[in-house]
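Shown next, in structure tokens, is the structure this report addresses.
If you read the sequence from its start, that first residue is 1, and numbering goes on from there.
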Amino acid sequence: VQLQASGGGLVQAGDSLRLSCAASGLSGYTMGWFRQAPGKEREFVAGIRGSDGSTYYADSVKGRFTISRDNAKNTVYLQMNSLKPEDTAVYYCAAAPRYRGGTTNSYSYDYWGQGTQVTVSS
């Protein structure tokens, strides 16, 4: 099982960015994106359920971020629009067993990628 996140970078406020997570061996898992800013705890951003592909988001990103998955490519995406300086963080993709449902708790996720830095300048 491997998770490989990519796509981070330095952008300006209002810009868009798409993160990718290559997830081999995780068919049917619930996939999530989390982020951690300096000095802060890791927080949930977005998830997509392995059971039916439905999505759920943190209130702070709802309407701006979209999570999706391409099962043929074993890849999960996080499209981030209208980025704000407060979105600056290291972003991690993670996988949780399907039976745990639409969880936002990081402890429910068994597998983690290495993280990709997103920096939004004002």
What heavy-atom pair brings Thr116 and Gly8 nearest, and what distance separates the two atoms? OG1-N, 3.1 Å
Can you name the nearest heavy-atom pair linking Ala89 to Arg35, along with the distance? CB-CB, 3.8 Å
Heavy-atom side-chain proximity of Leu26 to Leu3 below 4.5 angstrom: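 Yes; the side chains approach each other to less than 4.5 Å.
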May I ask you to test the Met80-Val11 pair for a side-chain heavy-atom distance under 4.5 Å? no
Listed by chain and number, what are the side-chain hydrogen bond (donor to acceptor under 3.5 Å, both in side chains) partners of Asn105, not counting sequence neighbours?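 Per chain and number, Asn105 pairs via side-chain hydrogen bond (donor to acceptor under 3.5 Å, both in side chains) with no residue.
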At what distance, to the nearest 0.5 angstrom, does [atom1] of [X] lie from [atom2] of [Y]?
X: Phe44; Y: Trp33; atom1: CZ; atom2: CH2; value: 12.5 Å
X: Thr55; Y: Arg49; atom1: OG1; atom2: CZ; value: 8.0 Å
X: Lys84; Y: Ser122; atom1: NZ; atom2: OG; value: 14.0 Å

Look at the side-chain heavy atoms of Ile, Leu, Val, Met, Phe, Trp and Tyr, link any pair under 4.5 Å apart, and say whether [X] and [Y] land in one connected group.
X: Leu78; Y: Tyr111; result: yes
X: Tyr77; Y: Met31; result: no
X: Tyr92; Y: Ile48; result: no

Please determine whether side chain to side chain contact (heavy atoms under 4.5 Å, CB included) holds for the pair Val76 and Ile67, giving the CA-CA distance in whole Å, both sets of side-chain angles, and the decisive distance to 0.1 Å. CA-CA 7 Å; Val76 178; Ile67 187 172; 3.9 Å; yes
State, without any angle test, whether Gln4 and Ser6 hold a side-chain donor-acceptor pair at a distance under 3.5 Å.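 There is no such pair (donor and acceptor under 3.5 Å, judged by atom type) between the side chains of Gln4 and Ser6.
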Above 12 or not: heavy atoms from other molecules or residues under 6.0 Å from CD of Gln2?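 12 or below, so no.
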Determine the interplanar angle of the Phe34 and Trp112 rings, folded into 0 to 90°, and report it as parallel if under 30°, tilted if 30 to 60°, perpendicular if over 60°. tilted
What class does the angle between the rings of Tyr91 and Phe65 fall in, given that below 30° is parallel, 30 to 60° is tilted and above 60° is perpendicular?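 Tyr91 and Phe65: tilted rings.
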Any side-chain hydrogen bond (donor to acceptor under 3.5 Å, both in side chains) involving residues 16-32? Give me the pairs, sequence neighbours left out, ordered by first then second residue. Ser16-Asn81
Hey, is the main chain of Ser108 close enough, under 3.5 Å, to the side chain of Arg100 for a donor-acceptor pair?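 Yes.
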Short question: side chain of Thr88, backbone of Val120 - any donor-acceptor pair under 3.5 Å?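 Pair found, side chain donor or acceptor close to backbone of Val120.
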Worked verdict on Gln36 versus Ser106 for side chain to side chain contact (heavy atoms under 4.5 Å, CB included): CA-CA 12 Å; Gln36 187 166 20; Ser106 63; over 6 Å; no
Using the rule given for side chain to side chain donor-acceptor pair (under 3.5 Å), can you reason through Arg98 versus Ser51, listing the C-alpha separation, both sets of side-chain angles and the distance that settles it, and then say yes or no? CA-CA 6 Å; Arg98 183 187 307 191; Ser51 56; over 6 Å; no
Using 4.0 Å as the upper bound for N to carboxylate O, is an ion pair formed by Lys62 and Asp59? yes
